[in-house]
**Student:** 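Here you go, one structure.
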Amino acid sequence: MSAPCEPRATAPASAPPSLPPLSPEPSATATAPAARRPALDWRIRFAGLSLIWGFSFLLIKVGTEGYAPFQVTFGRLLAGTAVLVAAMAMRRERLPRSARTWGHLTVAALLLNALPFSLFSYAELTIPSTLAGICNATSPLWGMALSVVALSEDRPTRRRVAGLGVGFLGVLTVLGAWQGFSGLDLPGTAMALLASFCYPVGWIYVRRTLAGTGSSTLALTGSQLCLATVQLAVVTPLFTSAPTSFPLLPTLSVLALGALGTGLAVLLQYGLVQEVGPTTAQMVTYFIPVIATAAGVALLGEQLSWNTPVGALVVLVGAALTQSRPRRAATTPTPAPAPAPEGSPPAAPAPGSSPVEAAGRGPRPPQP
């Protein structure tokens, strides 16, 4: 899922940030009751998030059977925005006030929502949903490659460079390069890969432009989705005609894609990052192509040759290697408190701080 302030040790553009809480934390000096535990265990919510994002590619495929790609994208953005606006209203979040912030959010909306969502919709006119889900898994590979160029403080290691090579070898395996890409729809596949490339580009932009805005993560994300919805509301009538009918299954698919995959999933992800930390929360990225493949084969009857799951596994191994971090060298104990272990929930930032200020870890994994 990309700062006037230089981050300290940045992660690749596809790694999740330690997002700030969606509501102000109580003062450390005040006596307050213990925080209420979520009704559902984090493992259940993790599984739900994996399923929601894994099924998103199936929902896109079904949606394009009844609507034009731009209409599918507009519908999902409209439904997703409605969910986040309702959450913002319940939490009494304030919209950003700076014209500069709104300008940067407009660009972020294009790079992170309007453009990749539309590209995936157009791609699935000609490629299976299983292939689209696997293409989405290449986003960490693009993020690692871009971070070396765009973020000078993110030094490559041998393991991460090897992961980049392994990952793209997996892509070639999925595409059947040794067969000359026979039977593959190249334009559709290229659009899916370009969509996955948009996410790290967008998050590098976000990291460099939206630090210190004074707005919460929920307010920024909700505003971004609103702007993306406006963009599609302008573009869609220019390239499509108004639908003459509203077929039930495609309509329900688009609504579910937006309300669940673009709205509820964001709220679930924020909660997971707060509770179990970014390292564990980002693992959902590696379940998405597995679920997308299983859903496409089982429910849509899509054909699966041996190189698709094998190549997908290689892609995921490469993506995992690009996210690896060198172990910190042991240091002599000092009276100062030791830092929290990797993967633990981040310390609560000041209320209203930006995602970049709160973490310095880079952006979250991309939304499918």
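FYI, the numbering just counts along the sequence from 1.
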**Student:** Quick check on the hydrophobic clustering: are L115 and V234 connected, directly or via other members, by side-chain heavy-atom contacts under 4.5 Å?
**Tutor:**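 No, no single cluster joins them.
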
**Student:** Does any N or O in the side chain of T81 come within less than 3.5 Å of the main-chain N or O of L225, such that one atom is a donor and the other an acceptor?
**Tutor:**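 Such a contact is found between T81 side chain and L225 backbone.
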
**Student:** What are the two closest heavy atoms between I134 and P289, and how far apart are they?
**Tutor:**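 So the two residues come closest at CA-CB, 4.2 Å.
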
**Student:** Mind checking whether L194 and L175 sit in one hydrophobic cluster, side chains of I, L, V, M, F, W, Y counted as touching below 4.5 Å?
**Tutor:**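 Shared cluster, yes.
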
**Student:** State yes or no: do F246 and L232 share one hydrophobic cluster built from I, L, V, M, F, W and Y residues joined by side-chain heavy-atom distances below 4.5 Å, directly or via other members?
**Tutor:**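 F246 clusters together with L232.
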
**Student:** Any donor and acceptor pair, going by atom type alone, linking the side chain of W42 with main-chain N or O of E275 inside 3.5 Å?
**Tutor:**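 Side chain of W42 to backbone of E275: no pair is present.
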
**Student:** How far apart are the closest heavy atoms of M144 and V161, and which atoms are they?
**Tutor:**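 It is CE-N, 3.9 Å.
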
**Student:** Taking T189 for its side chain and D185 for its backbone only, find out whether a donor-acceptor pair lies under 3.5 Å.
**Tutor:**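 Yes; at least one donor-acceptor contact below 3.5 Å.
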
**Student:** Between the main-chain N or O of A228 and the side-chain N or O of N113, is there a donor-acceptor pair closer than 3.5 Å?
**Tutor:**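 No: the side chain of N113 does not pair with the backbone of A228.
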
**Student:** Does any N or O in the side chain of S98 come within less than 3.5 Å of the main-chain N or O of R100, such that one atom is a donor and the other an acceptor?
**Tutor:**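 Side chain of S98 to backbone of R100, a donor-acceptor pair under 3.5 Å: yes, one is there.
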
**Student:** Any non-hydrogen side-chain atom of P309 less than 4.5 Å from a side-chain atom of L304?
**Tutor:**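 The answer is yes; the side chains approach within 4.5 Å.
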
**Student:** Just by modelled atom types, is the L218 backbone N or O under 3.5 Å from a matching donor or acceptor in the T221 side chain?
**Tutor:**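 Side chain of T221 to backbone of L218: no pair is present.
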
**Student:** For a quick test of reading the model, state the closest non-hydrogen atom pair linking T285 to P140 and the distance between them.
**Tutor:**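 Taking every non-hydrogen atom into account, CG2-CG, 4.4 Å.
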
**Student:** Please report the shortest heavy-atom distance between S196 and W142, naming the atom on each side.
**Tutor:**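 For S196 and W142, the tightest heavy-atom pair comes out as OG-NE1, 3.1 Å.
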
**Student:** Among L110, L77, T236, find the one that has a side chain to side chain contact (heavy atoms under 4.5 Å, CB included) with Q231.
**Tutor:**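 By the side chain to side chain contact (heavy atoms under 4.5 Å, CB included) criterion, Q231 pairs with just one of L110, L77, T236: L110.
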
**Student:** Can you say whether the rings of F287 and F46 are parallel (under 30°), tilted (30 to 60°) or perpendicular (over 60°)?
**Tutor:**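 Because their plane-to-plane angle is over 60°, the rings of F287 and F46 count as perpendicular.
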
**Student:** How close do L193 and C135 get, counting heavy atoms only, and between which atoms?
**Tutor:**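 Answer, listing the atom of L193 first, then C135: CD2-SG, 3.8 Å.
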
**Student:** Is it the case that the side chain of Q71 and the backbone of A68 share a donor-acceptor pair, with hydrogens and angles ignored and the cut-off at 3.5 Å?
**Tutor:**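 Yes; judged by distance alone, with no hydrogens or angles, the pair exists.
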
**Student:** If we only count heavy atoms from C-beta on, is the R160 to L321 side-chain gap below 4.5 Å?
**Tutor:**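 No; the side chains remain at least 4.5 Å from each other.
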
**Student:** Parallel, tilted or perpendicular: which fits the ring planes of F239 and F70, with parallel below 30° and perpendicular above 60°?
**Tutor:**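 The rings of F239 and F70 sit tilted, inter-plane angle from 30° to 60°.
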
**Student:** Is it possible for you to say whether V297 and V62 belong to one hydrophobic cluster, with membership spreading through side-chain heavy-atom contacts below 4.5 Å?
**Tutor:**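 Per the 4.5 Å side-chain linkage, V297 and V62 are not co-clustered.
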
**Student:** Would E124 and S129 count as a side-chain hydrogen bond (donor to acceptor under 3.5 Å, both in side chains) here? Give the steps.
**Tutor:** CA-CA 6 Å; E124 291 200 42; S129 65; 4.8 Å; no

**Student:** Please confirm whether the backbone N or O of I127 pairs with a side-chain atom of K61, one donor and one acceptor, at under 3.5 Å?
**Tutor:**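 Checking the backbone N and O of I127 against the side chain of K61, a donor-acceptor pair under 3.5 Å is found.
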
**Student:** Would you call C198 and L112 a side-chain contact if the rule is heavy atoms closer than 4.5 Å?
**Tutor:**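 C198 does not reach L112 side chain to side chain.
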
**Student:** Locate the shortest heavy-atom distance separating G296 from L58; write the atom from each residue and the value.
**Tutor:**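 Heavy-atom minimum between the residues: N-CD1, 4.5 Å.
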
**Student:** Any non-hydrogen side-chain atom of N136 less than 4.5 Å from a side-chain atom of F120?
**Tutor:**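 Counting from C-beta outward, N136 and F120 do come under 4.5 Å.
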
**Student:** If we ignore hydrogens and angles and just use 3.5 Å, is the side chain of R159 paired with the main-chain N or O of T322 as donor and acceptor?
**Tutor:**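 A pair under 3.5 Å: no.
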
**Student:** Counting only N and O atoms by type, is there a donor-acceptor contact under 3.5 Å from the side chain of S56 to the main-chain atoms of I52?
**Tutor:**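 It does hold such a pair.
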
**Student:** Is it the case that one hydrophobic cluster holds both L146 and Y199, taking links as side-chain heavy atoms less than 4.5 Å apart, direct or via other members?
**Tutor:**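 Yes, L146 connects to Y199 through the hydrophobic network.
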
